[in-house]
Every structure is written in structure tokens, then in C-alpha cells.
Number of protein chains: 2
Amino acid sequence: MAISERKKKILIAVVEEYIRTAEPVGSKHIAEHAKLGCSSATIRNELAELVNLGYLEQPHTSAGRVPTPMGYRLYVNDMMERQRLGMEENEELNRRLSQRLQKLDDSIGEVSRLASQLTDYPALAMTRQAPVTVRRFDIIYVDANTFILVVLLSNNAVKNKLVRLPISVDASMVQKLSTLFNASFTGIPEEQMTPVLIHSTERAADDTMGLSAVIAAFAIEVLSESAIPTAVISGENRLLSQPEFRDPDKAHELMSYLSGGGHILPAPDNLAPNDVKVLIGPENVAEELKNSSVIVASYDAGDGTKGLIGVVGPTRMDYSAVAAKLSALAAGLSRRLGGGEAPPEGMHNKLIIKGDEPDGR
Amino acid sequence: MAISERKKKILIAVVEEYIRTAEPVGSKHIAEHAKLGCSSATIRNELAELVNLGYLEQPHTSAGRVPTPMGYRLYVNDMMERQRLGMEENEELNRRLSQRLQKLDDSIGEVSRLASQLTDYPALAMTRQAPVTVRRFDIIYVDANTFILVVLLSNNAVKNKLVRLPISVDASMVQKLSTLFNASFTGIPEEQMTPVLIHSTERAADDTMGLSAVIAAFAIEVLSESAIPTAVISGENRLLSQPEFRDPDKAHELMSYLSGGGHILPAPDNLAPNDVKVLIGPENVAEELKNSSVIVASYDAGDGTKGLIGVVGPTRMDYSAVAAKLSALAAGLSRRLGGGEAPPEGMHNKLIIKGDEPDGR
DNA sequence: TGTTGGCACTCTTGCTCTTCGAGTGCTAAT
DNA sequence: ATTAGCACTCGAAGAGCAAGAGTGCCAACA
């Protein structure tokens with residue numbers, strides 16, 4: 001159903017004013033500020049119709065109007081100015097982004113923090129790995145009781161583990177095992193690392209001390225860790241600056257749901273890279289999010305790995321600004337992490353450096 | 001100044017009841033519940049004196065009494081029942097602890113989360129590394145354009161990085177560099193990895209492609225990363241369930257201070273391992289914490305690395321229970337991470353609560 | 001001297017009642 | 001179709017009031 005041009009303008013005025021002030025918007029205000037050439041009475045009539053159509057509602061009879069989720073949806077779909085970040089702003093963003101990605105660990109956490117800082121809402125970042133395999137095993141012999149396992153994964157991540165043994169092993173055994181594992185454990189998914197396979201490797205190497213089991217266990221652990229998507233949320237406290245969360249119970253409910261992890265973000269794959277998706281109020285599946293909105297952008301980290309950056313806020317959220325920022329952020333990430341083609345702007349990183357992971361224990 | 005036995009009992013009653021209910025405690029209640037053989041009038045007299053002495057205060061003339069920071073301090077120093085965790089509870093704790101420490105990465109984050117879950121307050125964990133050095137370099141040659149840098153640090157952590165080069169290198173060069181770095185870059189602190197040293201290595205290896213610089217940069221990066229203490233906070237949202245943070249502004253203030261990082265915890269070293277320290281209200285240095293209390297336990301992660309686990313809450317905090325839990329957690333961590341000698345599982349170390357000068361200002 | 005019952009006093013909390021103002025819906029005039 | 005005008009509604013804010021909890025103090029008592 002098409003609605004008149006004037007209704008659109010009025011709806012826009014209500015949504016944007018409400019986003020700005022969090023107060024119900026009255027007809028008088030619109031008449032004065034949105035420059036349509038008509039009086040508040042006319043606008044009152046229009047507003048009444050918009051309420052009938054379901055785009056607006058009033059908290060009580062003698063208050064101004066507030067957008068419904070349906071109203072926001074119409075606004076987002078058809079009317080929203082698709083903001084673009086200014087040049088300086090974009091550069092600033094990219095500067096901060098590359099600064100953070102240099103950190104050794106936890107780049108996903110850094111991304112999440114950055115998104116939250118930029119938008120001033122709680123933000124959430126996750127990556128979902130395409131199924132990975134081990135591309136290569138290395139075993140560094142440190143001393144008779146100690147060696148370091150290093151595996152290079154198909155997504156170019158490197159994982160390692162320091163292994164200490166109660167008994168001593170000689171270097172040749174380690175060498176032999178390394179060769180065997182590279183022969184039969186590379187390129188296969190976790191499920192195929194069966195006890196049978198492990199056992200046969202053990203025999204082939206004359207390994208009486210269960211080293212094969214240790215190595216295989218590590219491989220399996222690494223692969224299964226990579227399979228579960230990791231999500232990091234940050235900036236939860238920013239919720240509290242929103243007037244709709246002045247009620248500590250509401251705030252607490254949502255915040256503990258958020259800290260619970262990343263069931264928040266929608267299906268990971270059905271988003272084209274650099275696409276931005278908006279979920280308004282009841283459009284969210286989770287009960288806890290029915291009064292909130294979520295904006296998600298996806299990026300492509302190369303090697304089939306997809307990532308999402310999302311932001312959570314009240315339905316009265318600055319969709320336009322947040323969408324623009326997330327979109328720019330996702331684009332920046334895709335550019336930096338994504339497939340081989342070198343980033344156009346990156347004169348400074350001659351070497352393309354890809355992740356690592358510490359271990360410690 | 002010594003105060004009478006009865007005053008002590010009354011103070012204890014007030015503190016514990018207030019901790020439980022967050023409501024000012026009246027004389028009648030004490031007369032009925034704390035079984036001293038005297039009437040509410042007597043208690044009123046005693047309460048008035050305790051107010052004069054500065055241990056209690058009343059929000060307004062006709063309300064019950066509430067402990068002052070000084071009152072809490074006296075309670076914590078002299079009167080608190082040193083709680084000990086029950087056997088089952090302790091086992092449960094250790095079970096959950098070892099479960100979490102198995103995770104590949106981010107064990108400090110897991111510790112922080114566990115502490116927060118156990119105590120139901122926001123928790124913070126950090127480690128401060130003793131100065132580390134590289135114990136060993138390994139360079140895994142993957143292909144002509146790619147190799148993996150692996151360094152083993154003096155604290156047994158292993159760090160790695162995948163390096164891709166725009167040009168090709170042969171394996172022998174990599175081998176040579178590896179030997180050279182092991183000869184001159186191991187066992188030295190970051191400051192001694194000077195451009196001069198790097199340059200001389202470069203010449204010694206006939207390295208015209210700046211590989212030495214890449215490797216040295218990685219070593220420096222790793223060492224400097226290890227030097228900065230990392231702190232992870234979690235469970236901030238639990239603040240919101242405390243009545244004293246029903247005011248969203250107060251909650252927001254503290255929460256954003258907390259997410260800001262770990263300036264919260266006090267001097268890291270002057271705590272003996274497994275010691276517990278309590279900072280009450282104004283005893284905290286940070287302005288934002290003057291109305292809150294902090295309980296910290298330290299543990300020894302071996303190799304000179306110290307760690308802290310802390311919990312933040314309102315001054316009306318269950319000092320006894322939280323101190324017991326943190327102490328048990330710290331003991332568990334020391335046992336698992338710490339140097340060779342493992343304290344026997346069952347016997348827990350003596351719980352020492354270290355007082356602070358009640359001066360505050 | 002320390003303890004206790006009693007009583008007047010104080011101050012918060014929760015309630016109702018009122019006022020005020022913003023914003024509406026409707027009607028009649030343009 | 002628009003507009004001015006007006007009566008009406010409803011929430012927010014404040015005043016006033018009663019109830020209740022808890023105190024401080026005094027006089028009596030062991």
C-alpha cells in the first residue's frame with residue numbers, strides 16, 4: 001500500500017525527531033520544524049491516519065506519537081538517507097582499524113571494541129570459520145622431555161602447544177612422527193581423525209609412549225575449536241546511557257542476555273559481504289531482543305571465513321548513522337583480511353601478516 | 001582503642017544484617033535476633049555510642065544504623081568469621097577451574113569469568129609477567145614465500161606468526177638466520193635488541209631482504225606485549241542486581257570505569273601469594289571506587305609471574321564469602337600454574353586476610 | 001552503675017487529591 | 001482539503017496527610 005508523499009514526510013519527521021530526543025513527537029512540533037506548508041491541525045489528521053495504518057502509536061491519549069516497529073521498518077526500507085561517511089571520518093576509522101589489527105591476539109575483540117566505541121552502543125563481533133583442516137604439522141624438538149607442536153591450518157592460522165613429557169624421547173622419533181602426521185593427517189576433517197587412524201600411525205612409528213595420541217588430540221582440539229564460532233561482545237555498559245534502559249531491571253535483563261554470548265546475530269551466511277541488515281524489535285527471534293534493534297554487517301575474512309559485526313540498541317536507534325559506520329567497518333575488514341588481492345591503500349604493510357594464537361598452557 | 005565485647009557483637013550484627021538486606025538495621029531487630037541478653041533500649045544506647053565512635057551512621061534521624069567504611073574495616077580486620085569453603089564446594093570450584101584452563105586461549109578471561117560467576121560480582125583478572133626473554137627461535141620454512149616464526153619464551157609461552165613475503169627466499173637462508181638469532185637474540189631483554197645488533201646480524205647472514213628486521217621486530221613485539229600486564233574484566237552486568245546500583249547513573253559511572261581497564265587492582269607485587277586484600281570504600285585510590293569495595297587475591301603462576309583476581313562490589317559486600325571464594329580460587333590457580341612443588345590438593349593454605357590502614361584519605 | 005520500659009518526637013514512605021500543561025479529536029468555517 | 005478554535009483527556013509534578021518505624025531521653029529499678 002502506497003502512502004501519500006506528505007505522510008512519508010511526516011513519518012520521517014516523527015522517526016528522526018524521536019530518535020533524537022526519545023520523547024513522543026507532537027503535531028505542533030512537526031508543523032514548525034518539518035517545513036511542509038500546512039498547520040498542526042492538518043498534521044493531526046495525518047498522524048491519526050498513520051496511527052490507523054500501524055506506523056505510529058501513542059503511549060496514551062494525550063501524548064505525541066511514537067514510531068512502531070512497522071514504522072521504523074518503513075523508514076529503514078524506503079526513506080532512510082543512506083548515509084555515507086565523510087572522507088576524514090572514513091580515514092579516521094581505517095586508521096584506528098589498522099592500528100588495532102596489529103595486535104597479536106584477540107583481533108576479533110578489538111574489532112568489537114572499536115565498533116562499540118564508534119557507535120556508542122554495545123557491539124558484538126564474530127567469525128564463523130569455513131571448515132578447516134591441518135595443512136602442515138611441525139614438531140620442534142626442544143629437549144628430551146619437551147617439544148613444541150605447531151600446526152598450520154588451511155585458513156593460515158597457526159596454533160601451537162608446548163608439550164612436556166614425563167619420559168624422554170629422542171629426536172628421531174619426533175622426526176618420524178612429524179613425517180607420518182604430515183602424510184596422513186593433513187587435509188582431512190576432524191571426523192576422519194579416528195582412533196583407528198591414530199593407532200595405525202602409532203604402530204607405523206613404533207611409538208610406544210602415546211606420542212601420537214598427544215599429537216592427534218591436539219589436532220582434534222584445534223580443529224574443533226576452530227569450528228565453533230567465536231563471538232565477543234563489548235561495551236555493554238553503553239546501554240545504560242540510553243533512556244529506555246534507565247530501568248535497571250530492563251537493562252540487567254538485556255545485558256545478561258548479551259553477555260551470555262552470540263545467539264544474537266542472525267544466520268551468518270545469508271548475508272552478502274558488506275551487506276548491512278537491520279532487525280527491528282519483534283523481528284528478532286530472541287525474546288529478550290523483542291524491544292531492541294540489531295544492526296549487523298558482514299565481512300569476508302578470506303578462505304571462506306565469514307565474520308559479522310553487530311550492534312544492539314533500543315528500537316529508537318540511529319539506524320542511518322550506525323548502518324553507515326558498520327558498513328564502513330565491514331568494508332575495511334574485508335579489505336584487510338579478505339582474499340589475496342592486496343589492499344589498495346596499504347603501502348605500509350608490505351608483508352601480509354596473518355594471525356597467530358598464543359597458548360601458554 | 002578497645003571496644004567492649006558487647007559493642008563488638010552489636011557491630012557484627014549490624015554489619016551482617018545490613019549485608020544481607022541492604023536496609024538500615026534497627027535496635028529492635030538486633031535485640032530479637034542477635035541473642036544478647038538485653039533489651040532494645042540498651043542496644044539503642046550502645047548504637048548511639050558506636051555512631052559516636054564512627055563505626056556506624058544513620059541515614060537520617062529516625063532510621064536504623066548502617067556501617068561506615070571504618071565499621072566495615074573493623075569488622076573485616078577483627079571480627080569476620082574466616083569462612084572456609086566446604087569440601088564439596090571446594091571440589092566443585094576446582095573442577096570448574098580445571099575445565100576452564102583446558103581451553104587453548106584466553107585462560108585469564110576464563111578465570112575472570114569464573115570468579116564473577118562464583119561471587120556474583122564483576123570480577124577482574126590480570127597477570128603481570130616477570131620480564132621474559134626469548135629462549136629459542138624456530139623458523140619453519142613453508143614455501144619460498146612463506147615461513148612461520150615460532151619463539152619459545154622464558155616463561156614457556158610459545159608465540160608464532162605466519163610471514164608471507166613478496167619475494168622468495170631459499171631454505172638455507174632461513175636456516176642461517178635461525179642459527180644466528182638463537183646465538184645472539186636469546187636470553188636478552190627487549191632493550192638489548194638494538195638496531196645495531198639487528199644490523200650486524202643482517203650482515204652476518206648476507207640478508208639483503210630485511211628478513212632479520214622482520215624476525216627481530218616480531219621478537220620485540222612479543223616481548224613488549226608480554227611486559228604489559230593484561231587485565232580482563234567480566235560480569236559487569238552483575239552490578240545491576242545490587243540495590244545500590246539501581247541508579248543507572250551510578251551504575252554507568254562505575255561500569256564504564258571498570259571496562260576502562262585494570263587500574264583497579266592495587267600494587268601487584270606487595271601481595272604474598274594466596275593473600276587476600278580488602279579495600280573498603282574510600283581506601284581505594286580511584287575516585288570512582290570511593291563508594292565501592294574491592295577484594296583481591298593473588299596467585300603465583302610460576303616463573304616469577306604474578307596474577308591477581310579481584311572482585312568489585314558495593315561496600316555492603318559479603319566480604320567473608322567473597323574472600324573465601326577468591327582465596328580458594330587463587331590457591332587453585334597457584335597449584336595448577338605455579339612452580340613445580342604442588343601443595344597437596346586437599347589441604348588449603350591458611351587464609352590470610354591482610355588489613356589496611358583504616359586511615360583511607 | 002548499668003539496664004529497662006515508656007513515651008514523645010522525627011523523618012521517611014506511601015497514599016490521595018489537585019493543579020497544570022501538553023496534545024489530542026472534533027466541529028464549524030474557509 | 002485545510003484550518004482555527006475549543007473542549008477534553010491524561011500523565012507529571014506537587015501538596016498534604018496518615019501510618020509506621022526507629023530514635024533519644026527520662027525516670028524507675030536492680
Side-chain angles (χ1 to χ4, degrees), chain A residues 2-11 13-15 17-18 20-68 71 243-244 246-247, chain B residues 2-11 13-18 20-68 71 243-244 246-248:
Chain A
I3 63 173
S4 79
E5 206 52 37
R6 191 168 63 189
K7 281 201 183 56
K8 277 190 188 175
K9 281 193 180 160
I10 293 178
L11 181 57
V14 172
V15 170
E17 182 65 10
Y18 186 66
R20 220 172 51 80
T21 64
E23 300 280 317
V25 184
S27 57
K28 197 175 156 198
H29 185 97
I30 299 176
E32 283 163 7
H33 290 76
K35 30 195 182 293
L36 325 166
C38 61
S39 79
S40 70
T42 313
I43 298 194
R44 275 205 289 284
N45 292 329
E46 297 281 52
L47 286 176
E49 286 184 59
L50 283 169
V51 169
N52 278 338
L53 292 171
Y55 296 118
L56 297 177
E57 65 187 347
Q58 15 188 2
H60 50 269
T61 14
S62 79
R65 302 312 207 283
V66 164
T68 60
E244 20 274 290
R246 291 207 69 78
D247 176 0
Chain B
I3 65 173
S4 80
E5 207 53 36
R6 192 169 61 188
K7 280 201 183 58
K8 278 191 188 175
K9 283 196 179 156
I10 293 179
L11 181 56
V14 173
V15 170
E16 292 184 348
E17 181 67 10
Y18 186 66
R20 219 172 52 80
T21 63
E23 300 279 317
V25 185
S27 56
K28 197 175 156 196
H29 185 96
I30 300 177
E32 283 165 6
H33 290 77
K35 27 195 184 297
L36 324 168
C38 62
S39 79
S40 70
T42 312
I43 297 193
R44 275 205 288 283
N45 292 329
E46 296 281 53
L47 286 175
E49 287 184 59
L50 284 169
V51 169
N52 278 337
L53 292 170
Y55 296 118
L56 297 177
E57 63 187 350
Q58 13 187 6
H60 52 268
T61 13
S62 81
R65 302 309 205 285
V66 165
T68 59
E244 20 274 289
R246 292 207 69 77
D247 176 0

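Quick caveat, the model's predicted, so the values are computed rather than measured. Below, chain A is the first sequence line, B the second, and so on; all start at residue 1.
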Colleague: Between D:dT2 atom P and A:Leu47 atom CG, what is the distance in whole Å?
Modeller: 14 Å

Colleague: Look at all strands and tell whether A:Ala63 reaches a base, only sugar-phosphate, or nothing, counting heavy atoms closer than 4.0 Å.
Modeller: sugar-phosphate

Colleague: Where the side chain of A:Ser62 is concerned, which of D:dG24, C:dT4, C:dG23 is the nearest nucleotide?
Modeller: C:dG23

Colleague: Which residue lies toward the 5' end of DNA chain D, A:Glu46 or B:Ser27, if each is placed at its nearest nucleotide?
Modeller: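 In this pair, the answer is A:Glu46.
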
Colleague: With nearest nucleotide decided by heavy atoms, which residue, B:His60 or B:Ala41, maps closer to the 5′ end of DNA chain C?
Modeller: B:Ala41

Colleague: Let me know the distance between CD of A:Glu57 and C1' of C:dG23, rounded to the nearest Å.
Modeller: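 Atom CD in A:Glu57 sits about 16 Å away from atom C1' in C:dG23.
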
Colleague: From CD of A:Glu32 over to C1' of C:dA22, roughly how many Å is that when rounded to an integer?
Modeller: 13 Å

Colleague: Check the distance between D:dA1's C1' and A:Leu36's CG and give it to me in whole angstrom.
Modeller: 15 Å

Colleague: Examine D:dG24: is either OP1 or OP2 under 4.0 Å from a nitrogen or oxygen in the side chain of B:Gln58? Give yes or no.
Modeller: yes

Colleague: Does the base of C:dG5 carry an N or O that pairs as donor and acceptor with the side chain of B:Arg44 under 3.5 Å?
Modeller: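 Checked by distance alone, the answer is no.
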
Colleague: Is there a donor in the side chain of B:His33 and an acceptor in the side chain of B:Glu17, or the other way round, less than 3.5 Å apart?
Modeller: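 On atom types as modelled, these side chains do not qualify, holding no pair under 3.5 Å.
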
Colleague: B:Asn45 has an atom CG; how far is it from atom C1' of C:dG5, in whole Å?
Modeller: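 Atom CG in B:Asn45 sits about 12 Å away from atom C1' in C:dG5.
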
Colleague: Provide, to the nearest angstrom, the distance between the CD1 atom belonging to A:Ile43 and the P atom belonging to D:dA1.
Modeller: 17 Å

Colleague: Would you say the side-chain atoms of B:Ser27 pair up with the backbone N or O of B:Ile43, donor to acceptor, closer than 3.5 Å?
Modeller: no

Colleague: Over how many whole Å does the gap from B:Glu5 atom CD to C:dG2 atom P extend?
Modeller: 17 Å

Colleague: Below 4.0 angstrom from OP1 or OP2 of C:dG25, is there any side-chain N or O of A:Arg65?
Modeller: yes

Colleague: Please find the pair of heavy atoms, one from B:Leu36 and one from B:Lys9, that lie closest to each other, and give the distance.
Modeller: CD2-CD, 3.5 Å

Colleague: So does B:Lys7 have more than 12 non-hydrogen atoms from other groups sitting under 6.0 Å from NZ?
Modeller: yes

Colleague: Between D:dG24, D:dA4, C:dG25, which one does the side chain of A:Ala48 approach most closely?
Modeller: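 Nearest listed nucleotide: C:dG25.
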
Colleague: Strictly below 4.0 Å: does B:Thr61 bring a side-chain N or O up to OP1 or OP2 of D:dT23?
Modeller: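 Negative; the distance criterion is not met.
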
Colleague: Does A:Arg6 have a side-chain nitrogen or oxygen under 4.0 Å from the phosphate oxygens OP1 or OP2 of D:dT2?
Modeller: yes

Colleague: Kindly give the heavy-atom pair with the smallest separation between A:Pro67 and A:Tyr18, and that separation in Å.
Modeller: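 Heavy-atom minimum between the residues: CD-CD2, 3.7 Å.
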
Colleague: Nearest whole Å is fine: how far is C:dG25 P from A:Glu49 CD?
Modeller: 11 Å

